[in-house]
Amino acid sequence: MAAFTVHTSAATSPYSPAGTAILLRSRSRAYPTATIRVSCSKTVVIGVAADSGCGKTTFTRRLASVLGGGAEPPRAGRNPGSNTLVSDTTTVICLDDYHSLDRVGRKAKGVTALDPRFVDFDLMYEQVRAIKEGRAVEKPVYNHVTGLLDPPELITPPNILVIKGLHPMFDERVRDLLDFSIYLDISNEVKLAWKIQRDMGERGGHSLESIKASIEARKPDFEAYIEPQKQYADAVIEVLPTQLIPGDDECKVVRVKLIMKEGVEHFAPVHLFDEGSTVYWIPCGRKLSCSYPGIRFAYGFDTYFGHEVSVVEMDGQFDKLDELIYVETHLSNLSTKFYGEVTQQMLRHADVPGSNNGTGLFQTIVGLKIRDLYEQIVARR
Ligand SMILES: Nc1ncnc2c1ncn2[C@@H]1O[C@H](COP(=O)(O)OP(=O)(O)OP(=O)(O)O)[C@@H](O)[C@H]1O
Ligand SMILES: O=C(CO)[C@H](O)[C@H](O)COP(=O)(O)O
């Protein structure tokens, strides 16, 4: 386990309000000494796990914005290769920053980034714990552009820390630091469609064959190290091909399940119409315009890795986001602060991928539930 020294001094942090400065510095890595000023309030920690290219960044951008104000990379002058997002209430850190090998090193060893042997879990645990306890850290940076391990960046304690990546629930010590955890469970068909969209579209430079090959090459490690984490998640957002278009392989229309564990402290699962009932609902018609293939909701109880869960499901997509209010009025336990807040949040983020289907809807709802969980934890203190 890495050894650490703690420095205390007073200064102003580039990230957070004034407070007594405590800086955690790792002896096992040569980090520059920085002094900052942080509030000593504690931080609520949220874990978001998924495979590569499965929407972690997209979700956590939406989440940070729902929790309070647009999330931006760290202030000017910081490392442009930083993966960190900061809003006025939330800091999102990317666990790729704890890679112990850079891209060349992984290639030389013939290992993938999913292999936990090459993740610095000791440092991850010490730094997430430090932030949770109100201490700033100098977090390493993995640069996805260059594939190199960049100089560290200063992270000071926010109200809510979101740790997103491949392994937030893999190490039991880190898992025990989480106040709430989400797993994004993207089916193989949808994962391929999204990776094609990104690596041949947005990022470019990849062929269909190389994309399929990279997914296949990582599959053994995904099944061994990433996918088993979903048993620990408090909520799972499962994205599947639609059942409304027989034989569809485009995955432009998706069926999405929000799987919520029962009995999680500060988290009351959402339900549709009547709690505890089994519901199948096709809302299309005069109050919710739906073009082909329409929309279908479902709700009920199930078991998931031995846990009792509630599941709300949406298949299809919205034509007019403002009509979502009709659906919202039939959902309960949303933790909204006013009538129509889910619909308003969806309209605010209409340009974010998934805003017309169950992924955007359930990600928005999870954001409001996390806000409520945070407020309950703070009130209890
Ligand atoms: N709900 C969604 N609907 C449609 N496309 C989506 C959705 N969420 C993410 N995507 C797309 O999937 C691709 C991967 O998304 P994103 O970069 O957020 O994943 P990631 O898990 O952060 O990736 P990586 O692990 O490589 O960092 C992007 O092209 C993104 O636009
Ligand atoms: O799985 C990933 C992120 O979730 C990345 O592929 C991993 O971090 C390695 O990055 P790169 O492919 O840019 O070297």
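Fair warning: this is a prediction, and the values are worked out from it, not measured in the lab. Both counts, for ligands and for their atoms, begin at 1 and track the order of listing.
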So if I count the atoms of ligand 1 from 1 in the order they appear, which ones are less than 4.0 Å from some heavy atom of D51?
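So the answer, numbered in order with elements, is 21 (O).
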Would you mind running through ligand 1 and noting each atom that sits below 4.0 Å from a heavy atom of Q197?
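Counting atoms of ligand 1 from 1, those under 4.0 Å from Q197 are 5 (N), 11 (C), 29 (O), 30 (C), 31 (O).
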Below 3.5 Å, N or O to N or O, backbone or side chain included: is there any such pair between [X] and ligand 1?
X	result
Q363	no
R198	yes
S52	no
T359	yes

Parallel, tilted or perpendicular: rings of H99 and H144 (30°, 60°)
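Rings of H144 and H99: perpendicular, as their planes differ by over 60°.
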Is a salt bridge present between K287 and E323, judged by a nitrogen-to-oxygen distance below 4.0 Å?
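No salt bridge links K287 with E323.
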Could you tell me whether K191 sits above the aromatic face of F222, with NZ or CZ closer than 6.0 angstrom to the six-membered ring centre and within 45 degrees of the axis?
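Here K191 passes the 6.0 Å and 45° test against F222.
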Donor-acceptor check, side chain of Q229 to backbone of Y183, threshold 3.5 angstrom: yes or no?
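Checking the backbone N and O of Y183 against the side chain of Q229, no donor-acceptor pair under 3.5 Å is found.
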Assess, by modelled atom type and distance only, whether the side chains of [X] and [Y] contain a donor and an acceptor separated by less than 3.5 Å.
X	Y	value
D319	S291	yes
N83	D97	yes
R218	S52	yes

Using a 4.0 Å cut-off on heavy atoms, what residues surround ligand 2? Order them by chain and number.
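Those residues closer than 4.0 Å to ligand 2 by some heavy atom are S52, K56, D96, H99, R103, R106, A113, Y142, H144, L166, R218.
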When you measure from the heavy atoms of C54 to every atom of ligand 1, does any distance fall below 4.0 Å?
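It does, in that a heavy atom of C54 comes within the 4.0 Å cut-off of ligand 1.
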Ligand 1 contacted by L184 (non-hydrogen, < 4.0 Å)
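Judged by the 4.0 Å heavy-atom criterion, L184 does not count as contacting ligand 1.
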Going from CZ on F273 to CZ on F297, what distance comes out if it is rounded to the nearest 0.5 angstrom?
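F273 CZ to F297 CZ: 9.5 Å, rounded to 0.5 Å.
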With R296 via salt bridge (Lys or Arg N to Asp or Glu O under 4.0 Å) - residues at least two apart:
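R296: no salt bridge (Lys or Arg N to Asp or Glu O under 4.0 Å) contacts found.
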